[in-house]
Amino acid sequence: MSVPSISGVGSIASTSSAGAARKTGESPFAAGLEAAEKLQDKANDLAVQAATGQLTDIHDFTAAAAKASLAVELTVALRNRAVEAYQEIMRMQI
Amino acid sequence: MGFGAIDAASSGATLARTWLDAISDNVANSNTVRPAGEEPFRARLVVARSLPGTGGVGIGAVVAKAGEPDVVYDPDNPLADENGLVTRPVVDMTEEMTNLLVASRLYQANLSVVSHARDAYQAALEIGRR
């Protein structure tokens, strides 16, 4: 008697926190992370230039650092909202 | 992620810094005489140009101040020609000192805008925070 082999368990579909239908592969969280990373890179480049004395406009560096930290805070707030909404839904009694 | 207010104010601060550089160059050369007949030292003026949209401001041009230089009689000057004449630079100290005040206030005002805009954006993130 042949016993069928055990197949793998399919992955669980992730809960869409916003609830609205979105294009597959595009998420506001990922877009926010990308933008924050770009701002961070720019701020790091300017920091190196300022440290080596090549930067003539020092306010460029401080403004870029402020923008980068704002972008990171915004992304963190996005993540917190998403996690909160997910937990709220999971808490619902069936 | 567009932080338009910070970008525009940053461009204004860059213009103010360039203006300050030009003013300090003019003041440092306010007594640079040249032999008579030669082109005198002319003060540098920075021309601002507004950028489209909320792009802020850019440097349109850096022009030399026009005007006829003073030719004064100063025979003891080592640069004086055979008639004892030297050419004074085209720099108006009063104008430069006034511009210095305006340029430094412009720089401080733009940095203040950056600081306030950052506080405003951060306050927006406080909405709904528990």
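Note on naming: letters A, B, ... go to the chains in the order of the sequence lines (proteins, then strands), and numbering restarts at 1 for each one. The figures that follow rest on heavy atoms only: side chains count, while hydrogens, waters and symmetry mates do not.
Heavy-atom neighbours of B:Gln108 CD from other residues, nucleotides or ligands within 6.0 Å: above the threshold of 12. Applying the 6.0 Å contact sphere to NZ of B:Lys65 captures more than 12 heavy atoms from other residues, nucleotides or ligands. Atom CD of B:Glu95 has more than 12 neighbouring heavy atoms from other residues, nucleotides or ligands inside a 6.0 Å radius.
Clustering ILVMFWY residues whenever any of their side-chain heavy atoms sit less than 4.5 angstrom apart, transitively, puts B:Met97 in the very cluster that holds B:Leu20. There is no path of hydrophobic side-chain contacts, each under 4.5 Å, that joins B:Val46 to B:Val63.
Neither the backbone nor the side chain of A:Thr62 comes within contact range of chain B, judged by heavy atoms closer than 4.5 Å.
Residue B:Tyr107 holds its OH atom at 5.5 Å from NE2 of A:His59, rounded to the nearest 0.5 Å.
Taking every heavy atom of both residues into account, A:Leu70 and B:Leu125 meet most closely at O-CD1, 4.2 Å. Considering all non-hydrogen atoms of both residues, B:Arg118 and A:Ala66 come closest at CD-CB, 3.2 Å.
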Inset, instruction - Could you give me the CA-CA distance, side-chain angles and deciding distance for A:Ile58 and B:Arg17, then say whether side-chain contact (heavy atoms from CB on, under 4.5 Å) is met? - result: CA-CA 10 Å; A:Ile58 199 67; B:Arg17 203 255 330 144; over 6 Å; no
